[in-house]
A.B. asks: 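Here you go, one structure.
The residues of the chain are indexed from 1 along the displayed sequence. Remember, it's 1-based here, ligands and their atoms both numbered in the order they're listed. These numbers come from the heavy atoms of this one structure, side chains and all, not from hydrogens, waters or symmetry mates. Computed from a prediction, not measured in an experiment: that's the story for all the values here.
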Amino acid sequence: MHHFEYRDDTLYCEDIAVPRIARAVGTPFYLYSHATLERHFKAFDSGFEGFPHLTCFAVKACSNISILRLFGHLGGGADIVSGGELFRCLKAGIDPARIIYSGVGKTRAEMREALLARILMFNVESAQELDRLQEVAAELGTRAPVAFRVNPDVDPKTHAYISTGLAKNKFGIPVDEALAEYERARDMDNIEILGVSCHIGSQLTQIDPFIEALRKLKRFVARLEERGIAIRYLDLGGGVGITYDDEQPPHPHDYAAAVRSELGDMDVTLILEPGRVITGNAGILVTEVQYTKVNAGGEEEKRFVIVDAAMNDLTRPSLYGAYHEIQPVVRRNDGGEEVVDIVGPICETGDFMARDRCLPRVAQGDLLAIMSSGAYGFSMASNYNSRPRAAEVMVCGDRYHVIRRREEYDDLIVGEINVECS
Ligand SMILES: Cc1ncc(COP(=O)(O)O)c(C=O)c1O
Ligand SMILES: N[C@@H](CCCC[NH3+])C(=O)O
């Protein structure tokens, strides 16, 4: 359920007509519904009510500080993967004691920053990372709280690029090797073992792989306990999928019920790292049709709708061949339909939002809504082709706020130095 719906054939976000915002801020822009963000966060979090848990929003999915602030107010923490994400979370007022730090390539500087901020836990992903963390913590005269991210070798049955829990993926430490790392960590002066973590992939549409991974984790925790290593936190990562097209992912409550049932009376605090399931369907990308054209020279006639959003704004279709529903912002019921490629202005054939898509006939100046863009949308945007990044807007009821202004040309060269080598 989200709060983007038509009223008299015009798309509204909560109580505001989308064309009104387009006139005020220009296009393209990301548009988020505050009520939907809140609803999705609560829908996820409430599934674990009564069980000690912490919902740490995966910042990489949608990292605007106004949105992070909202989740912080709702009692959430954050799952970060860089110093930049830590910086954002602190700016957004997220309690560092609710921040966990994942990622395979943490630098010394990033470790230092996170230790100084006193985050809850590092999810350590390799033996060398453990050694480095011990050194950095010793330099600061502190102890680093850690979980190891174990790789359970479970097939998440998702797109190969976003599968992370198979042995052949770069993430985590194989379960069989992790035991030795825990024993090493136990003997380190500046490491404090707090937990075990895993994250097997993103956009999962079935519950079974989560449960298979959890079973392996439980067996692993029992082996740790046999060796006198106690675990306080069990981090199950993120990964619950959403409907982009016709997928039928589990409802967050069904996911939570299955996890709780498998956990039984295990005495741990659960950490969850949801991203997409919270923000994915709470945001859209609004774009304007610049041109339409027909290329009739080849074997088949090709119809193109050229819009002002591109792969630099929303990279998912180009990168994964991902499907995003595309809807006219104002529905006209007289023009019929046609099969088109909806493409951006970038000089790449891979710059498309949709291919061979049946769309109501559109004309220059029409607005289109690229749905389900609230996760891995703006956060993956770039300046490719020297395109200023889009604005981000959040609607709260009958008001809207620009939560990130559109970039200007001067933003494109921030940090560049105009050197002439003679
Ligand atoms: C370590 C980690 N946690 C959480 C997430 C969030 O995943 P999702 O957006 O699928 O919930 C990711 C991304 O896949 C991740 O890499
Ligand atoms: N960027 C991916 C998800 C990757 C999740 C990061 N571990 C997407 O757009 O679907």
A.B. asks: To the nearest 0.5 Å, what is the distance between CG (Leu368) and CG (Leu359)?
C.D. replies: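 Output value for this atom pair is 6.0 Å.
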A.B. asks: Relative to the heavy atoms of Ala58, which atoms of ligand 1 are at a distance of less than 4.0 Å?
C.D. replies: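 Ligand 1 atoms under the 4.0 Å threshold to Ala58: 4 (C), 5 (C), 6 (C).
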A.B. asks: What are the atoms of ligand 1, with element, lying closer than 4.0 Å to any heavy atom of Arg149?
C.D. replies: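 Atoms satisfying the 4.0 Å criterion: 1 (C).
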A.B. asks: Flag the pair Glu337 and Arg361 as a salt bridge only when some basic side-chain nitrogen lies within less than 4.0 angstrom of an acidic carboxylate oxygen.
C.D. replies: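 Judged by the 4.0 Å cut-off on N to carboxylate O distance, Glu337 and Arg361 do not form a salt bridge.
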A.B. asks: Tell me, do Thr55 and Phe71 make a side-chain contact under 4.5 Å, heavy atoms counted?
C.D. replies: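 No, side chains not in contact.
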A.B. asks: Closer than 4.0 Å to some heavy atom of Arg276 - which atoms of ligand 2 meet that?
C.D. replies: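 Close to Arg276: 3 (C), 8 (C), 10 (O).
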A.B. asks: Output yes when the distance from some N or O of ligand 2 to some N or O of Arg316 is under 3.5 Å, and no in every other case.
C.D. replies: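 By distance alone, the answer is yes.
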A.B. asks: What is the distance from atom NE2 of His2 to atom CD1 of Ile242, rounded to the nearest 0.5 Å?
C.D. replies: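 One gets 9.5 Å once the value is rounded to the nearest 0.5 Å.
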A.B. asks: Do the charged groups of Glu407 and Arg404 touch, with an N to O distance under 4.0 Å?
C.D. replies: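 Result for this pair is yes, salt bridge flagged.
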A.B. asks: N/O of Ser202 under 3.5 Å from N/O of ligand 2, yes or no?
C.D. replies: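 Not met; the criterion fails.
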A.B. asks: Does Gly237 come within less than 4.0 angstrom of ligand 1, counting non-hydrogen atoms of the residue?
C.D. replies: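 Gly237: no contact with ligand 1 (<4.0 Å).
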A.B. asks: Does a salt bridge link Asp131 with Arg184, judged by any charged N lying under 4.0 Å from a carboxylate O?
C.D. replies: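 Yes.
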A.B. asks: For ligand 2, which atoms, with element, lie under 4.0 Å from some heavy atom of Met380?
C.D. replies: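 Once the distances to Met380 are compared, the set is 1 (N), 9 (O).
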